[in-house]
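Because the structure is predicted, anything quoted here is derived from the model rather than measured. Within every chain, numbering begins at 1; the chains are lettered A, B, ... in the order of the sequence lines, protein sequences first and strands thereafter.
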2 protein chains.
Amino acid sequence: MSKNNNKPIEIPKPTFERLKKYHALLLQEKDKEYISSEEIAEKLNITPEQVRKDFTYLNINGKPKIGYHIPSLEKELSEFFGTWILDNIIIIGAGNLGSALAKYKGFKKIGIRVAAIFDNDPEKIGSLVGELSVLPLAEIKRVIKRFKVKIGVICVSENSAQEIAELLIQNGIKAIWNFTPVNLQTPPGIIVENQDITTGILTIKHLMEKE
Amino acid sequence: MSKNNNKPIEIPKPTFERLKKYHALLLQEKDKEYISSEEIAEKLNITPEQVRKDFTYLNINGKPKIGYHIPSLEKELSEFFGTWILDNIIIIGAGNLGSALAKYKGFKKIGIRVAAIFDNDPEKIGSLVGELSVLPLAEIKRVIKRFKVKIGVICVSENSAQEIAELLIQNGIKAIWNFTPVNLQTPPGIIVENQDITTGILTIKHLMEKE
DNA sequence: TAGATTGTTAATCGATTAACAATC
DNA sequence: TAGATTGTTAATCGATTAACAATC
């Protein structure tokens with residue numbers, strides 16, 4: 001029986017978001033070999049049925065009475081997200097956030113390596129952020145080619161975000177991870193993922209208001 | 001006609017998330033006085049119908065042929081999220097991420113003030129992060145009381161996250177903004193908002209894989 | 001075998017979209 | 001007035017939940 005790896009069905013958005021949570025959860029569960037849908041559900045405050053339903057979108061098989069084999073689950077989710085492929089990223093903006101990201105330890109296990117960090121402030125250029133030396137924007141072109149970078153992270157001020165996005169796209173970047181609140185205008189085919197840092201605290205504020 | 005401000009209908013989760021986006025978008029639109037649902041929709045890649053439907057959950061009224069009055073929209077959303085109330089927060093962990101958050105400029109406009117930053121590393125205690133001096137954990141109790149802090153931000157390492165959460169809750173914290181990938185165990189009534197920083201890049205990786 | 005848990009189909013529930021009347 | 005855009009109801013679509021058969 002040959003492996004059937006065509007995936008004809010598009011994954012629903014809510015399921016996609018939960019797959020990320022399963023992925024994160026499993027990276028924490030290193031002590032056990034098997035885990036049941038019941039157990040996963042409890043930790044994430046959802047129902048076991050939902051967990052099993054979500055897993056039908058992947059090539060995942062559990063064993064009745066035992067549960068799901070954690071390493072296999074992990075492998076499947078890792079393939080789904082492509083975390084076993086190493087992607088080089090570049091960070092534009094060596095301010096607080098950019099620097100913190102450049103030094104972030106958690107990227108390794110999801111297949112991300114920070115190739116370089118850039119800034120246009122002469123005072124910052126040449127200074128060290130972790131093990132990286134801050135490079136001038138003029139170096140972007142070279143670094144993208146050299147490290148085959150497809151993902152750019154924008155951590156600059158709001159008023160230069162659009163400009164930087166265009167610069168990145170001109171130089172062949174395919175995906176932008178945008179940490180500014182600016183709605184970037186980009187041509188079709190470019191992936192833009194907005195990571196508004198304030199989003200979580202807005203939920204907290206709203207929930208607290210009701211009490 | 002008296003203002004009817006009972007809000008009997010619970011807001012759907014997807015609508016809630018979009019309200020955050022409208023809120024962020026409006027903070028960018030300072031040049032115009034009115035904006036149409038069409039215009040909002042275009043910028044956020046959704047439909048105008050959805051925008052109008054979402055607004056029915058708030059006390060928002062647009063004018064046919066003109067659109068929505070931006071300052072009023074902003075005020076309504078600000079009340080919804082409680083961004084006009086100033087909340088003091090404390091940050092635990094003065095590493096890269098904790099320090100970046102402590103210095104983050106965007107908190108002010110959503111009604112957040114960082115009251116203090118803590119660490120248990122003797123080398124960090126007393127050092128400056130922006131305008132704040134890093135305090136030892138022993139000071140947490142006092143600071144929470146003094147500044148009536150209800151929100152705690154966890155930026156420590158994975159293995160002390162749970163412990164810190166318990167410490168915060170013991171000292172009266174009502175909501176936790178968790179930047180670690182750990183699934184915190186908390187008593188009922190405590191709000192926990194997990195802000196997994198890697199979530200955005202997983203989406204990017206998955207989308208890129210398909211091409 | 002009996003029991004527990006998976007996997008899947010059908011039923012329900014909720015959100016989005018479409019249609020159109022109201023209105024500035 | 002005519003036209004454009006809002007606001008709302010009804011129809012559709014999609015996701016979740018429930019039920020239960022399959023299976024280790």
Side-chain angles (χ1 to χ4, degrees), chain A residues 1 3-22 25-26 29 32-74 76-77 80, chain B residues 1 3-22 25-26 29 32-74 76-77 80:
Chain A
M1 188 171 68
K3 191 184 166 196
N4 179 11
N5 53 11
N6 55 336
K7 296 191 184 145
I9 307 144
E10 196 55 42
I11 292 189
K13 187 82 178 6
T15 296
F16 184 81
E17 292 305 316
R18 283 191 299 271
L19 290 180
K20 287 182 190 170
K21 290 184 179 160
Y22 303 142
L25 179 67
L26 291 171
E29 301 288 327
K32 284 190 311 264
E33 203 182 347
Y34 285 89
I35 192 164
S36 66
S37 57
E38 175 75 40
E39 219 172 332
I40 295 172
E42 201 206 324
K43 304 214 183 196
L44 299 180
N45 278 313
I46 53 176
T47 65
E49 293 82 3
Q50 185 140 68
V51 175
R52 297 202 296 274
K53 180 78 174 184
D54 286 344
F55 285 178
T56 63
Y57 292 99
L58 304 171
N59 292 322
I60 283 173
N61 290 298
K63 288 181 191 168
K65 198 162 150 67
I66 294 170
Y68 299 88
H69 187 231
I70 293 177
S72 305
L73 255 186
E74 232 180 273
E76 188 64 27
L77 285 165
F80 177 78
Chain B
M1 188 170 68
K3 189 185 165 195
N4 180 9
N5 53 8
N6 54 337
K7 296 190 185 146
I9 306 145
E10 196 55 40
I11 292 190
K13 186 82 179 4
T15 296
F16 183 82
E17 292 305 315
R18 282 191 300 271
L19 290 180
K20 286 182 190 171
K21 290 183 180 162
Y22 303 142
L25 178 68
L26 291 171
E29 301 289 326
K32 282 189 313 259
E33 201 182 349
Y34 285 89
I35 191 165
S36 68
S37 57
E38 176 74 40
E39 219 173 331
I40 295 174
E42 201 207 324
K43 303 214 181 195
L44 300 178
N45 277 313
I46 53 177
T47 65
E49 293 82 4
Q50 186 141 68
V51 174
R52 298 201 297 273
K53 180 79 175 184
D54 286 343
F55 285 177
T56 63
Y57 293 99
L58 304 170
N59 292 322
I60 284 173
N61 291 299
K63 288 181 191 166
K65 199 162 150 71
I66 294 169
Y68 299 88
H69 187 233
I70 293 178
S72 305
L73 255 185
E74 233 181 272
E76 188 64 27
L77 285 165
F80 178 79

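A:Tyr57 and A:Glu10 make their closest contact through CE2-O, 4.2 Å (heavy atoms, listed as atom of the first residue, atom of the second, distance). A:Ser37 and A:Arg52 get closest at one heavy-atom pair: OG-NH1, 3.2 Å. Minimum interatomic distance between B:Asn59 and B:Glu76 (heavy atoms only, all atoms of both residues): N-OE2, 3.3 Å. Between A:Phe16 and A:Ile11 the shortest heavy-atom distance is N-CG2, 3.8 Å.
Annotation: of the two residues near DNA chain D, A:Lys65 and B:Ser37, the 5′-most nearest-nucleotide partner is B:Ser37. Between A:Pro14 and A:Ile66, the residue anchored nearer the 5' end of DNA chain D, judged by the nucleotide with its closest heavy atom, is A:Pro14.
Remark: B:Glu42 CD is loosely packed, at most 12 non-hydrogen atoms of other residues, nucleotides or ligands lying under 6.0 Å away. In this structure, B:Lys20 places its NZ atom where more than 12 heavy-atom neighbours from other residues, nucleotides or ligands lie under 6.0 Å away.
The pair B:Glu17-B:Lys13 counts as a salt bridge, with a side-chain nitrogen and a carboxylate oxygen less than 4.0 angstrom apart.
Side-chain N or O atoms of B:Glu38 include none that pairs as donor or acceptor with a backbone N or O of B:Pro48 at under 3.5 Å.
Counting non-hydrogen atoms under 4.0 angstrom, A:Phe55 reaches nothing in the nucleic acid.
Taking every nucleotide of DNA chain D with any atom under 4.0 Å from a non-hydrogen atom of chain B, the first and last of them, 5' to 3', are D:dG3 to D:dT9.
Helical stems in DNA chain D, defined as runs of 3 or more consecutive Watson-Crick or G-U wobble pairs with both donor-acceptor distances under 3.5 Å, are listed by first residue as C:3-24 with D:3-24.
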